[in-house]
Amino acid sequence: MRLSQAFIPTLKETPAEAQIASHRLMLRAGLVRQMSAGIYAWLPAGLRVLDRIANIVRDEQDRVGAQEVLMPTIQSADLWRESGRYEDYGKEMLRITDRHERELLYGPTNEEMITAIFRADVKSYKSLPQCLYHIQWKFRDEVRPRFGVMRGREFLMKDAYSFDISYDDAVLSYRKMMLAYMRTFARLGVRAIPMVADTGPIGGNLSHEFIILAPTGESQVFYDKAFEEIDITENAFHHDDPADLERFYQSMTTPYAATEEKHDEAAFAAIPEDRKREGRGIEVGHIFYFGTKYTKAMGVTVAGPDGKELTPEMGSYGIGVSRLVGALIEAHHDDAGIIWSDSVAPWAAAILNLKAGDAACDKICEELYAALGRDALYDDRSDRPGAKFADADLMGMPWQIIVGPRGAANGLVELKRRATGERFEVSPAEALAKVKR
RNA sequence: CGGGGUGUGGCGCAGUCUGGUAGCGCGCGUGUUUUGGGUACAUGAGGUCGUCGGUUCGAAUCCGGCCACCCCGACCA
């Protein structure tokens, strides 16, 4: 993308309504614009990030065998009456009436709908297990939206739903999804820690929140340093091997980790002093086993091996995709702006032409831009270098290829790593090799 | 939903107390200048002062209703 033609409205000053870093930076870097309280329009750069995050989530869901579907945003009130939640849900649910006076709602979640879809077509235990997910916009009419995209009313969420014929199988599904989540967050460039969450009336301990660490996090969290030492990406665990899943689950649940609500002072005190960790965290995912709550209420059964009817066991698994955009920024930014990871950055690199119009600079920039194609943001504006540096730092592309008249005369460019500030004088070819993703 | 606050050009703000028909900085357009960390000068465009009503010769300013947005708390992916 040529910056001179791009719709990336950056701001030098911070709009008054933005309080936290990620909100300020998302507005300043031209990622989003607020349309109503808690409702945002995604501009080109922001949408690219949102899509990249969604694609990593999708990739890891597919990898553990979940299948993608797409359910509607609008649902029928009747469906929710089947589970009894239409009355229970309260004012957070946006209720709508159509021209025929039929009661509809803008979905805050999809347990009822996925259960109805499953019920219609799955009749035998042989079809299980199943795990279906979708990535869709949801709406919860929060009393007080805030923190920009981190706590909006409309938000993009991945939610998966598992169906199994027994509790034991449901536990496998749960653990498999936990592994997929750990892989997902690692790829997004953040450290996520699963912490035991409240299971409400269902009971048991099969509910975990995934917390990523950021100084401006919403809640205080406590954990064992062990979580910093586990490398999920090295393929130590296979998701189809129950023994591996067991080992993985133990490694995730044995060391201490808790949010302030579930914090146990005594248990935390027992951790050796040098292993104690305490910080702020943002919840970006939640997994939950809830058994037959919906299948029972909605009369879902399948034929078992012995011909008798079975009620499938369910779990649901959410990742806040749009929230993650804000959360990733909270975790990785500095005074100058955003610091994107290579995996989610809207563009792999920014090419800064420090002297647009200079033959040598133009030539090198055009060649770099042609080689990188859609993965580069080319600052071809005729602005001063200072403005270009400031905008590139603000927008946070992981690499900046700085092309100025001094180096260009010798056929050299400067490669800057946004995260560390390191700079290297290299040939354009070397820069390309470093930057390609 | 309780408490507090704000609405004035794209953004940040002053002007409101004490009524006389709107101003500053940034940004934007044009020209010159500058060219490795938001250059300087000149010039120009852009505002029914959130909205409806009232008071007044006259309302951004005073009074009332409404709307929107923000902050603290409770709640939440």
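Both backbone and side-chain heavy atoms feed into the values below; hydrogens, waters and symmetry mates do not. Just so it is clear: chains get the letters A, B, ... in the order the sequence lines come, proteins before strands, and each one is counted from 1.
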Peer 1: Out of A77(B), G36(B), U35(B), which nucleotide sits closest to the side chain of E142(A)?
Peer 2: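 The answer is A77(B), which lies nearest to the side chain.
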
Peer 1: For the pair made of CD in E218(A) and C1' in C75(B), what is the distance, rounded to whole Å?
Peer 2: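 After rounding, the gap between these two atoms is 12 Å.
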
Peer 1: Using only heavy-atom distances, decide whether a donor-acceptor pair under 3.5 angstrom links the side-chain of R153(A) to the base of C76(B).
Peer 2: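 Side chain to base: no pair below 3.5 Å.
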
Peer 1: Would you indicate what S36(A) reaches in the nucleic acid, counting non-hydrogen atoms under 4.0 angstrom: base, sugar-phosphate, or nothing?
Peer 2: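 Sugar-phosphate, no base atom in range.
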
Peer 1: By the 4.0 Å heavy-atom rule, please label K91(A) as base, sugar-phosphate, or nothing.
Peer 2: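 Touches sugar-phosphate only.
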
Peer 1: Mind checking S322(A) for me? I need base, sugar-phosphate or nothing, with any heavy atom below 4.0 Å counting as a touch.
Peer 2: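 Result for S322(A) = nothing.
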
Peer 1: For R95(A), is there an ion pair with E103(A) - N to carboxylate O distance below 4.0 angstrom?
Peer 2: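 The answer is no: the pair does not qualify as a salt bridge.
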
Peer 1: Say you pick atom C1' in G5(B) and the same atom in C24(B); how far apart are they, in whole Å?
Peer 2: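 Pairwise C1' distance, G5(B) against C24(B), rounds to 24 Å.
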
Peer 1: From the set G38(B), C75(B), C69(B), return the single nucleotide nearest to any side-chain atom of K12(A).
Peer 2: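 Between G38(B), C75(B), C69(B), the one nearest the side chain of K12(A) would be G38(B).
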
Peer 1: Which part of the nucleic acid, if any, lies within reach of G320(A) when heavy atoms closer than 4.0 Å are counted: base, sugar-phosphate only, or nothing?
Peer 2: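 Contact class for G320(A): none.
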
Peer 1: Say we look at U39(B) and G29(B): how far apart would their P atoms be, to the nearest angstrom?
Peer 2: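 Result for the P pair: 14 Å, nearest Å.
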
Peer 1: Roughly how many Å apart are C11(B) and G27(B), using the P atom of each and rounding to a whole number?
Peer 2: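 The same atom, P, in both gives a distance of 15 Å.
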
Peer 1: U18(B) and C28(B): how far apart are their C1' atoms, nearest whole angstrom?
Peer 2: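 Comparing C1' positions in U18(B) and C28(B) gives a spacing of 37 Å.
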
Peer 1: Among the nucleotides A77(B), C69(B), U35(B), which one has an atom lying closest to any side-chain atom of P385(A)?
Peer 2: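 Nearest to the side-chain atoms of P385(A), counting from C-beta on, is U35(B).
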
Peer 1: Indicate whether OP1 or OP2 belonging to A68(B) is found under 4.0 Å from a side-chain N or O atom of Q34(A).
Peer 2: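 For A68(B), OP1/OP2 do not have a side-chain N/O of Q34(A) under 4.0 Å.
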
Peer 1: So which nucleotide does C69(B) pair with, by the Watson-Crick or G-U wobble rule with both distances under 3.5 Å?
Peer 2: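 Paired with G5(B).
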
Peer 1: For the P atoms, the ones on G4(B) and on G9(B), what distance do you get once it is rounded to whole angstrom?
Peer 2: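 Each nucleotide's P atom is 27 Å from the other's.
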
Peer 1: Using a heavy-atom cut-off of under 4.0 Å over every strand shown, decide if K416(A) touches base, sugar-phosphate, or nothing.
Peer 2: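 If one applies the 4.0 Å heavy-atom cut-off, K416(A) turns out to touch a base.
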
Peer 1: From the set A77(B), G36(B), C1(B), return the single nucleotide nearest to any side-chain atom of P405(A).
Peer 2: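 So the nucleotide nearest the side chain must be G36(B).
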
Peer 1: Nearest heavy atom decides the nucleotide; on that basis, is H286(A) or R144(A) closer to the 5' end of RNA chain B?
Peer 2: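 That would be R144(A).
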
Peer 1: Do the side chains of R277(A) and E228(A) get close enough for a salt bridge, i.e. N-O under 4.0 angstrom?
Peer 2: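 Between E228(A) and R277(A) there is a salt bridge, with a charged N closer than 4.0 Å to a carboxylate O.
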
Peer 1: Which nucleotide in the list G12(B), G38(B), A77(B) gets nearest to the side chain of R323(A)?
Peer 2: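 In terms of side-chain proximity for R323(A), the closest of G12(B), G38(B), A77(B) is A77(B).
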
Peer 1: Closest-nucleotide mapping onto RNA chain B: is E209(A) or E414(A) further toward the 5' terminus? I mean the 5' end.
Peer 2: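 Its nearest nucleotide being more 5', the pick is E414(A).
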
Peer 1: When the C1' atoms of G10(B) and G2(B) are considered, how many whole Å apart are they?
Peer 2: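 The same atom, C1', in both gives a distance of 36 Å.
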
Peer 1: Rounding to the closest angstrom, what is the interatomic distance between U61(B) and G20(B) at atom C1'?
Peer 2: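 These two C1' atoms come out 11 Å apart once rounded.
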
Peer 1: Kindly indicate whether the side chain of E13(A) and the base of G25(B) share any N or O donor-acceptor pair separated by less than 3.5 Å?
Peer 2: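 By the distance-only test, yes, there is a pair.
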
Peer 1: Does H23(A) form a ring-ring contact (aromatic ring centres under 6.0 Å, His included) with F147(A)? I'd like the steps, not just the answer.
Peer 2: CA-CA 6 Å; H23(A) 192 192; F147(A) 304 146; 8.7 Å; no

Peer 1: Nearest 0.5 Å, please: how far is CD1 in I74(A) from CD1 in I96(A)?
Peer 2: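 If we round to the nearest 0.5 Å, I96(A):CD1 and I74(A):CD1 are 4.0 Å apart.
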
Peer 1: Taking the minimum atom-to-atom distance to the side chain of R423(A), which one of C1(B), C75(B), G36(B) wins?
Peer 2: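 Nucleotide nearest to R423(A)'s side chain: G36(B).
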
Peer 1: Separation of D358(A) atom CG from G36(B) atom P, in whole Å?
Peer 2: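 Distance check: D358(A) CG to G36(B) P gives 11 Å.
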
Peer 1: Round to a whole Å and report the spacing from CG of D383(A) to C1' of G27(B).
Peer 2: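 Distance check: D383(A) CG to G27(B) C1' gives 12 Å.
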
Peer 1: Mind checking if G152(A) touches a base, just sugar-phosphate, or nothing, with heavy atoms under 4.0 Å?
Peer 2: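 If one applies the 4.0 Å heavy-atom cut-off, G152(A) turns out to touch a base.
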
Peer 1: Mind calculating the distance between CZ (R384(A)) and P (U35(B)) to the nearest angstrom?
Peer 2: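 So the CZ-P distance, R384(A) to U35(B), works out to 7 Å.
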
Peer 1: Can F389(A) be said to stack with the base of G36(B), given centres closer than 5.5 angstrom and planes under 30 degrees apart?
Peer 2: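 No.
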
Peer 1: Within the 4.0 Å heavy-atom criterion, would you say G318(A) contacts the bases, only the backbone, or no part of the nucleic acid?
Peer 2: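 Contact class for G318(A): none.
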
Peer 1: Check whether the side chains of K138(A) and N110(A) place a donor and an acceptor atom closer than 3.5 Å, and report yes or no.
Peer 2: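 A donor-acceptor contact under 3.5 Å links the two side chains.
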
Peer 1: Pairing check on G47(B): which nucleotide meets the Watson-Crick or G-U wobble criteria with it, both distances under 3.5 Å?
Peer 2: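 Per the H-bond distance test, none.
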
Peer 1: Could you tell me whether R28(A) contacts a base, only the sugar-phosphate backbone, or nothing, with contacts defined as non-hydrogen atoms closer than 4.0 Å?
Peer 2: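 Base contact.
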
Peer 1: With a 3.5 Å cut-off and no angle check, do the side chains of H239(A) and R175(A) form a donor-acceptor pair?
Peer 2: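 No, because no side-chain N or O of H239(A) sits under 3.5 Å from a partner of the opposite role on R175(A).
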
Peer 1: What's the CD-P distance between E260(A) and A74(B), to the nearest Å?
Peer 2: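 After rounding, the reported distance stands at 10 Å.
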
Peer 1: Can you tell me how far P of G27(B) sits from CZ of R381(A), to the nearest Å?
Peer 2: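 Value for this atom pair: 12 Å.
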
Peer 1: Heavy atoms only, 4.0 Å cut-off, all strands: where does L11(A) land among base, sugar-phosphate and nothing?
Peer 2: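 No contact.
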
Peer 1: Could you please name the partner base of C57(B), counting Watson-Crick and G-U wobble pairs only when both distances are under 3.5 Å?
Peer 2: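 Paired with G20(B).
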
Peer 1: What's the gap between C13(B) and U8(B) when it is taken at their P atoms, as a whole Å value?
Peer 2: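 Between the two P atoms, the distance is 10 Å.
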
Peer 1: On a plain distance test, is the side chain of R140(A) in donor-acceptor contact with the base of C76(B) below 3.5 Å?
Peer 2: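 There is none.
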
Peer 1: Do L132(A) and F118(A) touch side chain to side chain, with heavy atoms closer than 4.5 Å?
Peer 2: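 No, their side chains stay 4.5 Å or more apart.
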
Peer 1: Within this structure, what is the CZ-to-C1' distance between F147(A) and C70(B), rounded to whole angstrom?
Peer 2: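 Distance, rounded to whole Å: 12 Å.
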
Peer 1: Whether E82(A) and R119(A) form a salt bridge (side-chain N of Lys/Arg under 4.0 Å from carboxylate O of Asp/Glu) is what I want to check.
Peer 2: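 Yes, R119(A) and E82(A) are salt-bridged.
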
Peer 1: Report which part of the nucleic acid A390(A) touches: base, sugar-phosphate, or nothing (heavy-atom distance under 4.0 Å, all strands).
Peer 2: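 Contact class for A390(A): base.
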
Peer 1: When you measure from the side chain of D393(A), which nucleotide among G37(B), U35(B), C75(B) comes out closest?
Peer 2: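 Of all the options, the side chain of D393(A) is nearest to G37(B).
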
Peer 1: Which whole-number value in Å describes the distance from M395(A) CE to G38(B) C1'?
Peer 2: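 In whole Å, G38(B) C1' and M395(A) CE are 13 Å from each other.
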
Peer 1: Quick one about D159(A) and Y161(A) (side-chain donor to acceptor, distance below 3.5 Å, no hydrogens or angles considered), yes or no?
Peer 2: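 Distance-only check passes for Y161(A) and D159(A).
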
